[in-house]
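These notes are about the structure you will find just below.
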Amino acid sequence: MLEETLPPKDPREAAAGRVPFNRPYATGKEAAYMAEAVRSGATGGDGPFTRRATAHVAALAGAPRALLTTSCTHALELTALLLELREGDEVVMPSFTFTSTANAYALRGAVPVFVDIRPDTLNIDERLIEDAITERTRAIVVVHYAGVPCEMDAVLAVAERHGIPVVEDNAHGLGGAYRGRPLGSLGAMATQSFHTTKNVQCGEGGALVINDERFADRAEILREKGTDRSRFIRREVDKYRWRDIGSSYLLSDVLAAFLLAQLEAFHDIQARRGRVWDAYHDRLAAWADANGVRRPTVPEGTAHPAHLYYLLPETPAGGGALIEQLARHGVQATSHYQPLHDAPAGIRYGRVAPGGCPVTERTAAAVVRLPLFAGMSERQLDRVVAAVARSVSAPSGR
Ligand SMILES: *Cc1c(COP(=O)(O)O)cnc(C)c1O
């Protein structure tokens, strides 16, 4: 039975009968791998666990190269350094994303140019990208929201027409695919997150995935404080020197050990999450129709890794009411990203693309995410479905 293989439940949650929004999953092997890293003395970056974890990440992303980093935020910063962004350069991206997507480029003095999202997938609206491009545009950054792929053929075609590289912020999307191609393999570079809230995690961690080989050598140097220490470790040079600008973006091998345990269980974790996602999608379909609530859209020819499940009421009042009613039934549901284009820092450091971001504003105000984690029990799942079914989502907005 599935229940027996789950890690022990938090007794407080069980006693209260509450379903938390997220509970970081552990496979059971994390502590043993970390102890092995500690015993071996290889606790710095780029040790044996990093090598093994990196191979998994590269394989899952379908990419020739990957480098583990301290976070997805830092991997995004590396892309900004690798693209040699300067003051006044522009980077096109969705407004409906995490702050790190914009911060990484704003830190280099570049201007995030915020584009609206599609009302169905909540991904950057590829039809609006071209109008956002100017002679200062240096990159297009896409986010596969909820791990559902962006319309990459169209995105890549615009990028190619203008000779601009594409970066995939693939924090949600490891294991997903677009027309048979793994997410993370489509842009010049991609970034992964292993933050505690992501499908596969080590508390804090990330990776830079490199598809365009032109960035590979320099990425290794920038990540190692601007030195060629990685080549020194491989005995390709006999001393290492300061070669370039850079910073310290290596993940400790102790955390890589934690991450490896999770990556080895990737398919099991995905199966567990997929089961919850599919159950929500089937069992809430009639309720959603009756309440004027939209469920996620997964375009044909794409696959997603069940990173999150959302419900989209027609109005902000509907979203707020749903979160409140679910809380009364002991189910912790939450909203998501607040738009970047009209946030204080978004106004100061960014610019909104022609046409504004009305879909982003509507979506951010109304979207509700349901609990979804690999260790979710059948009982917790039933509780969430029952709680949603007992709720109404004020379709009129009153
Ligand atoms: C989680 C997330 C990040 C940041 O990841 P960290 O590893 O915490 O730095 C960036 N972008 C998106 C879309 C995310 O969901």
Side-chain angles (χ1 to χ4, degrees), residues 21-22 24-25 53-54 57 61 66-81 91-107 112 114-115 117-118 121-124 139-150 155 166-176 183-184 186-187 189-209 223 247-252 255-256 258-259 262-263 273 296 304-310 334-341 343 345-346 350 360 363-364 367 369 372-373:
F21 175 68
N22 181 44
Y25 185 69
T54 304
V57 173
L67 294 169
L68 294 193
T69 58
T70 31
S71 65
C72 181
T73 303
H74 281 165
L76 286 161
E77 288 181 25
L78 272 170
T79 69
L81 291 167
V91 179
V92 171
M93 66 180 68
S95 171
F96 191 60
T97 181
F98 191 56
T99 56
S100 294
T101 319
N103 247 328
Y105 303 100
L107 273 169
F114 298 113
V115 171
I117 50 171
R118 294 174 58 106
T121 57
L122 314 187
N123 281 330
I124 190 167
I140 299 169
V141 182
V142 298
V143 178
H144 305 296
Y145 183 72
V148 173
C150 296
V155 172
V166 172
V167 174
E168 299 172 78
D169 178 344
N170 196 31
H172 301 183
L174 192 63
L183 298 188
L186 300 148
M189 293 181 271
T191 62
Q192 302 299 148
S193 176
F194 305 117
H195 184 255
T196 181
T197 53
K198 300 306 199 294
N199 288 24
V200 166
Q201 56 105 11
C202 62
E204 302 277 356
L208 175 68
V209 170
R223 170 174 166 270
S247 192
S248 183
Y249 293 130
L250 279 81
L251 189 70
S252 157
L255 283 177
F258 188 120
L259 181 62
Q262 299 250 319
L263 288 165
R273 298 187 71 102
H304 69 90
H307 176 57
L308 61 88
Y309 195 88
Y310 65 82
T334 70
S335 57
H336 208 187
Y337 303 130
Q338 292 310 291
L340 295 183
H341 69 278
T360 300
T363 301
V367 75
R369 291 178 298 158
L372 172 50
F373 46 94

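Counting starts at 1 for both ligands and their atoms, following the listed order.
Residues Tyr249 and Glu77 bring a donor and an acceptor atom of their side chains to less than 3.5 Å of each other. A side-chain donor from one of Thr101 and Asp169 sits under 3.5 Å from a side-chain acceptor of the other.
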_Residues Thr197, His195; criterion side chain to side chain donor-acceptor pair (under 3.5 Å); working and verdict_ = CA-CA 5 Å; Thr197 53; His195 184 255; 2.7 Å; yes
_Quick one, Thr99 with Tyr337, criterion side chain to side chain donor-acceptor pair (under 3.5 Å). Give me CA distance, side-chain angles, the key distance, then yes/no._
CA-CA 9 Å; Thr99 56; Tyr337 303 130; over 6 Å; no
Could you go through ligand 1 and note, for every N or O atom, any protein N or O atom closer than 3.5 angstrom, writing the atom names and distance to 0.1 Å, or 'none'?
residue: ligand 1; atom: 5 (O); partner: Ser193; partner atom: OG; Å: 3.2
residue: ligand 1; atom: 7 (O); partner: Cys72; partner atom: N; Å: 2.9
residue: ligand 1; atom: 7 (O); partner: Ser193; partner atom: OG; Å: 2.7
residue: ligand 1; atom: 9 (O); partner: Cys72; partner atom: N; Å: 3.3
residue: ligand 1; atom: 9 (O); partner: Thr73; partner atom: N; Å: 2.8
residue: ligand 1; atom: 9 (O); partner: Thr73; partner atom: OG1; Å: 2.5
residue: ligand 1; atom: 11 (N); partner: Asp169; partner atom: OD1; Å: 3.4
residue: ligand 1; atom: 11 (N); partner: Asp169; partner atom: OD2; Å: 2.8
residue: ligand 1; atom: 15 (O); partner: His172; partner atom: NE2; Å: 2.8
residue: ligand 1; atom: 15 (O); partner: Lys198; partner atom: NZ; Å: 3.2
residue: ligand 1; atom: 15 (O); partner: Tyr337; partner atom: OH; Å: 3.0

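Met189 is not listed as a side-chain neighbour of Glu168, based on a closest heavy-atom distance of 4.5 Å or more.
Rounding to the nearest 0.5 Å gives a distance of 7.0 Å between OH of Tyr145 and OH of Tyr310.
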